[in-house]
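In what follows, a structure is listed as structure tokens, so that the remarks can point back to it.
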Protein chains: 2
Amino acid sequence: MPKIVAERSDAIPSLDEVFREYGFEGASLSTITEKTGLGKGSLYHFFPGGKEEMATAVLGEIDEWFVTQVFEPLRNADDPRSAISDMFRSVSRYFRSGSRVCLVGAFALDNVRDRFRAQVRDYFAEWCGALASALTRAGCPEPDAAALAEETVVAVQGALVVARALDEPEVFERTLQRVQSRLLAAISGEEQR
Amino acid sequence: MPKIVAERSDAIPSLDEVFREYGFEGASLSTITEKTGLGKGSLYHFFPGGKEEMATAVLGEIDEWFVTQVFEPLRNADDPRSAISDMFRSVSRYFRSGSRVCLVGAFALDNVRDRFRAQVRDYFAEWCGALASALTRAGCPEPDAAALAEETVVAVQGALVVARALDEPEVFERTLQRVQSRLLAAISGEEQR
DNA sequence: GTCTATATGGAGATAGAC
DNA sequence: GTCTATCTCCATATAGAC
């Protein structure tokens, strides 16, 4: 399907798709041309830095989505409990119930990690930090909160790997359910003390 | 350092290293030549199918290691409890406490997954199956065993992703500790009934 | 801004001497 | 078995007309 592209940001969703499907090295300029509907001329007009700039832009867009949809709600919500539930809903939607890969995670395992080191690092650090913050405000003691947050982020990433390896997206939803109930249990447990 | 290469299998460890470090697409023939110490002539003599055959051979070698070191012990050990402990020790050693990537997991997230679909699939399916078998024989009821096994494999893969993304290998060891105690707790819990 | 044509390099792979 | 030379192809990137 042809895309309507009038400015740089209109191309980002297609670029996101392409990198997710083919990986950074696997996404050739001709593939990108095809999937975005933009010729090389336009592509280099919008992204003078070439593929690397395209990927940086996509990572930036992903980060922005997570910041507004996930990280900020976790950090600022009046009700941290429901912010955590919202996180699971958003994440499930974002990863299409396990049939969509995490581009940042894929970059982390790839040799391109070093080229996008800061963006990759921050994404995971922010996620862990924001979730730990919500857990703490929900009554979970500090060290447990950090551990639970890390466990949750690890589970999400692992589930995406295994789901794709087995071609069984259900692994992802099962995992989300499991860690979510574990988090909520940890919170109620604390509140009862 | 130069390698002593007299037969095909002598090249596998170097190939394994190269693919782990550069990924499948990122590992060019000149990189491979350099790291294995073999010229293109020798390389194509040993692997007429080129890069794809090299990767297949590496995946086969990895699988064989896991079958003998991890899967068979899990399935056959007289004492499933200690087989499970052994698994965690072997896995920690194999992944160098989180500083080594899982090549199969990396392939799963990459677009090369489809080219090695069966090998990628089997690796994870076998791991889950073998661990579930050990858990069942240790007294864990069937459905719980499968869920716990899946959770464990998911955690290992996720920990490798996050450890590499954050440049913090400790994430891996922490995760192993956590899932190990959870498994052992589940088993003792069952045995007390 | 978007196109076509093109430059240049390195990729994977092969041939054939030794 | 291992080497060097070479083939072909497609990659990223650029130039310049429109």
Side-chain angles (χ1 to χ4, degrees), chain A residues 1-59 61 103 106-107 110-116, chain B residues 1-59 61 103 106-107 110-116:
Chain A
M1 53 178 171
K3 301 284 179 321
I4 294 134
V5 176
E7 41 180 336
R8 187 184 132 119
S9 63
D10 293 338
I12 308 273
S14 306
L15 288 173
D16 179 300
E17 257 186 62
V18 176
F19 285 129
R20 239 177 256 275
E21 188 170 346
Y22 297 93
F24 181 76
E25 322 237 26
S28 71
L29 279 192
S30 53
T31 310
I32 293 173
T33 291
E34 189 188 330
K35 301 272 179 180
T36 57
L38 287 167
K40 292 185 192 182
S42 312
L43 238 23
Y44 278 92
H45 173 72
F46 287 133
F47 306 95
K51 253 174 83 169
E52 182 147 342
E53 187 172 341
M54 298 177 209
T56 302
V58 169
L59 289 176
E61 186 80 2
L103 188 63
F107 275 22
D110 199 274
N111 73 316
V112 299
R113 177 194 63 158
D114 296 347
R115 290 162 85 169
F116 306 101
Chain B
M1 54 178 170
K3 302 283 179 323
I4 294 132
V5 177
E7 41 179 337
R8 186 184 133 120
S9 63
D10 293 338
I12 308 273
S14 305
L15 289 173
D16 179 299
E17 257 186 62
V18 176
F19 285 129
R20 238 176 257 276
E21 189 171 343
Y22 298 92
F24 182 75
E25 321 238 28
S28 71
L29 278 191
S30 52
T31 310
I32 294 173
T33 291
E34 188 187 331
K35 302 272 178 180
T36 58
L38 288 167
K40 292 187 193 183
S42 311
L43 238 23
Y44 278 89
H45 174 71
F46 288 134
F47 306 94
K51 255 174 80 170
E52 183 148 342
E53 186 172 342
M54 298 178 209
T56 303
V58 169
L59 289 175
E61 186 80 2
L103 187 63
F107 275 22
D110 199 274
N111 72 316
V112 299
R113 176 193 64 158
D114 296 347
R115 290 162 84 168
F116 306 101

Whole-Å distance separating the CG atom of B:Leu43 from the C1' atom of C:dT14: 13 Å

A:Lys51/A:Glu25 under salt bridge (charged side-chain N to carboxylate O under 4.0 Å, His left out): CA gap, chis, key distance, verdict: CA-CA 9 Å; A:Lys51 253 174 83 169; A:Glu25 322 237 26; over 6 Å; no

Residues forming a side-chain hydrogen bond (donor to acceptor under 3.5 Å, both in side chains) with A:Thr56, sequence neighbours excluded: none

Atom pair distance, as rounded to whole Å: CD in B:Glu25 and P in D:dT12: 11 Å

Gap between atoms CZ and C1', on B:Phe47 and C:dT14 respectively (whole Å): 18 Å

Distance in angstrom units between B:Glu53 CD and C:dT14 P, rounded: 12 Å

Between the protein and nucleotides 13-15 of chain D, list the N/O to N/O atom pairs that are separated by less than 3.5 angstrom.
{"from": "D:dA13", "atom 1": "OP2", "to": "A:Tyr44", "atom 2": "OH", "distance (Å)": "2.7"}
{"from": "D:dA13", "atom 1": "OP2", "to": "A:Lys51", "atom 2": "N", "distance (Å)": "3.4"}
{"from": "D:dA13", "atom 1": "O5'", "to": "A:Tyr44", "atom 2": "OH", "distance (Å)": "3.2"}
{"from": "D:dA13", "atom 1": "N6", "to": "A:Lys40", "atom 2": "NZ", "distance (Å)": "2.9"}

Under 3.5 Å side-chain donor-acceptor pair for B:Ser30 and B:Thr33: no

Separation of D:dT12 C1' from A:Leu38 CG (nearest whole Å): 17 Å

Side-chain donor/acceptor of A:Thr31 to backbone N/O of A:Ala27, under 3.5 Å: no

OP1 or OP2 of D:dC10 under 4.0 Å from side-chain N/O of A:Ser30: no

Within-4.5 Å side-chain heavy-atom neighbours: A:Asp10 and A:Phe46: no

N/O (side chain, B:Ser28) to phosphate O (OP1/OP2, C:dA11) under 4.0 Å: yes

